[in-house]
Number of protein chains: 2
Amino acid sequence: MTPINEHSALVVDDHPLVARGIAEYLRSHCGFDRADAICAAADLWANIGRFGAPTLALVDFWLPEGTALPALVRLRDEYPATRLMVISGDDDPAVRDKVRRLPVDGFLLKQAEPAVFAQAVAAVLHGDAWFDEAPVAVQTAGETRNLPLSPAELGLTPRQGEVLAMMLKGLPNKRIAQALSLTEQTVKEHVSGILDRLGARNRIDLITRLRGKRVDA
Amino acid sequence: MTPINEHSALVVDDHPLVARGIAEYLRSHCGFDRADAICAAADLWANIGRFGAPTLALVDFWLPEGTALPALVRLRDEYPATRLMVISGDDDPAVRDKVRRLPVDGFLLKQAEPAVFAQAVAAVLHGDAWFDEAPVAVQTAGETRNLPLSPAELGLTPRQGEVLAMMLKGLPNKRIAQALSLTEQTVKEHVSGILDRLGARNRIDLITRLRGKRVDA
DNA sequence: AGTGGAACCCTACCGTGGTAGGGTGGTGGT
DNA sequence: ACCACCACCCTACCACGGTAGGGTTCCACT
């Protein structure tokens, strides 16, 4: 088994190279004698069985199987001495919230600077908690992080594209009409055309089908 | 400047540790003499100015500023000898599509196995194209990759939660009613309660506001 | 015993969404 | 000159969504 003062770490992330990169960093810059990279929760238990409980476990919130929540509570439960940190790539407030209620010692965004990373790891090893603050006014995720579709690639006319874009913002026909200086009726016809082309029964069906997507002008 | 047969690489990714991890891997496993990690498109030009154009550039599709598209076309334009690969963390078909129309030499998912990574890099260096195939039946992104909200944390009654969940799927009142064995009218009242509580004018407003979110049971 | 809320049902009313079926004018292609 | 397509306008009709009244049961809390 591991000697008393040896520091070992486990990194769990579904991106093999990311896990390896972080593990490597822990070895070279954070004074760990051993750091293993793991890609699935299943391998986690196997690894612990072989090498014993690590000093620190860094676990990605999103794993291929879903969230890491069950794995985290089990880890905490079975190996209470292991320090637990959660890392995440996307800065979703809901994720922060969930993590804060979890029995873990720290939370960190993957886009953190290596120096911050080292600082956080040191703090957690020392017995302190380390929770990343939300960066101010960075509302990337939902809005910026998806590609606008062009009307053409949906088989729509330019005008239909404009109407669709406004529909997806939740605007009613009347508002669309006045925004485009049209009759409500003309808008309705564009809407009918769009629904027909995209195979949706009504605008709600359309919106839910295209949920999260955007269309440009 | 760099000697003729030396291989240098540039890795651009907004997650510092990821960039470093990949760069490290390129050095240790892919025969690169030099591999720099960069986090923003801006630093890219500075680095090239200092060390010359790299043999290979690995660029994340999503950068803090938005997509890497402008940087990619400029790279290809100004340094046509540099082999260009795009990497991405999320497997969005729209991203694949955009990349395929780009003047780049390869595309790769970050969750690829290191061995695949090495293989792809070797192929591209050799002058071949390397485009990752979409994994079959992995529809993670949109669906699985967000946390369900509980009715309670939205200030809703359990029943309202059930109705809301179905509303967000785009179901009309009538369908919801028969699914829950209710009168359409009763559903309407739940809907009114939900709209009222969440401050939405109508269900479309509601759906667009909560776009991408899910609610459980 | 009384109060309040949640869940359920009812009738009635009205605004919006969507379809049908008609029309005009402009543009690009053959 | 013709056709096809797009964009725009019109009237008329009906289904759906949502509000506003009214009501009953059951349960939890005081």
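All chains are named by letter (A, B, ...) in the order of the sequence lines, taking the proteins before the strands, and each is independently numbered beginning at 1. Values in this document were obtained by computation on a predicted structure and should not be read as measured data.
- If one axis is set at each end of the helix from C:dC10-D:dG21 to C:dT30-D:dA1 from five pairs, those axes are 20° apart, to 10°.
- Cation-pi geometry between B:Arg74 and B:Trp45 is satisfied (NZ or CZ under 6.0 Å from the ring centre, within 45° of the ring normal).
- Of the possible polar contacts, one joining the B:Thr157 side chain to the B:Gln160 backbone as a donor-acceptor pair under 3.5 Å is found.
- The side-chain tip of A:Arg83 does not point at the ring of A:Trp130 from less than 6.0 angstrom away and within 45° of straight on.
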Taking only nitrogen or oxygen atoms into account, show me every contact under 3.5 Å that the protein makes with nucleotides 24-30 of chain D, one pair per line with its distance.
none

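- Nearest heavy atom pair, residue B:Ala118 against residue B:Tyr25, reads CB-OH, 3.8 Å.
- Using a cut-off of 4.0 Å between Lys/Arg side-chain N and Asp/Glu carboxylate O, A:Lys110 and A:Asp13 are scored as salt-bridged.
- Nearest heavy atoms, A:Arg159 versus A:Leu180: NH2-O, 3.5 Å.
- When every heavy atom of A:Cys39 is checked against every heavy atom of A:Pro16, the shortest pair comes out as SG-CA, 3.6 Å.
- Across every non-hydrogen atom of A:Ala120 and A:Met85, the tightest pair is CB-CE, 4.0 Å.
- Salt-bridge check for A:Arg76 with A:Asp105: passed, with a basic side-chain N closer than 4.0 Å to an acidic carboxylate O.
- Within the model, atoms CZ of B:Arg20 and CD1 of A:Ile22 stand 11.5 Å from one another, a figure rounded to the nearest 0.5 Å.
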Which pairs, protein N/O on one side and nucleotides 24-26 of chain C N/O on the other, fall under 3.5 Å?
none

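- A pairwise comparison of heavy atoms in B:Ala200 and B:Asp205 identifies CA-OD2, 3.5 Å as the closest pair.
- Of all non-hydrogen atoms in B:Thr82 and B:Ala53, the two that sit nearest each other are OG1-CB, 3.6 Å.
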Filtered N/O pairs between nucleotides 4-7 of chain C and protein, under 3.5 Å:
unit_1, atom_1, unit_2, atom_2, d
C:dA7, OP2, B:Thr157, OG1, 2.5

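- With sequence neighbours left out, the ring-ring contact (aromatic ring centres under 6.0 Å, His included) criterion links A:Phe117 to no other residue.
- If you take CD1 of A:Ile176 and C1' of D:dA7, they are 16 Å apart, rounded to a whole angstrom.
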Reading 5' to 3' through nucleotides 13-23 of chain D, protein heavy-atom contacts under 4.0 Å coded B for base, S for sugar-phosphate only, - for none:
---SBBBBB--
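- B:Thr67 places a side-chain N or O within donor-acceptor distance of the main-chain N or O of B:Leu69, the cut-off being under 3.5 Å.
- Looking at B:Arg209, its side chain does come within 3.5 Å of a backbone N or O of B:Gly199 through a donor-acceptor pair.
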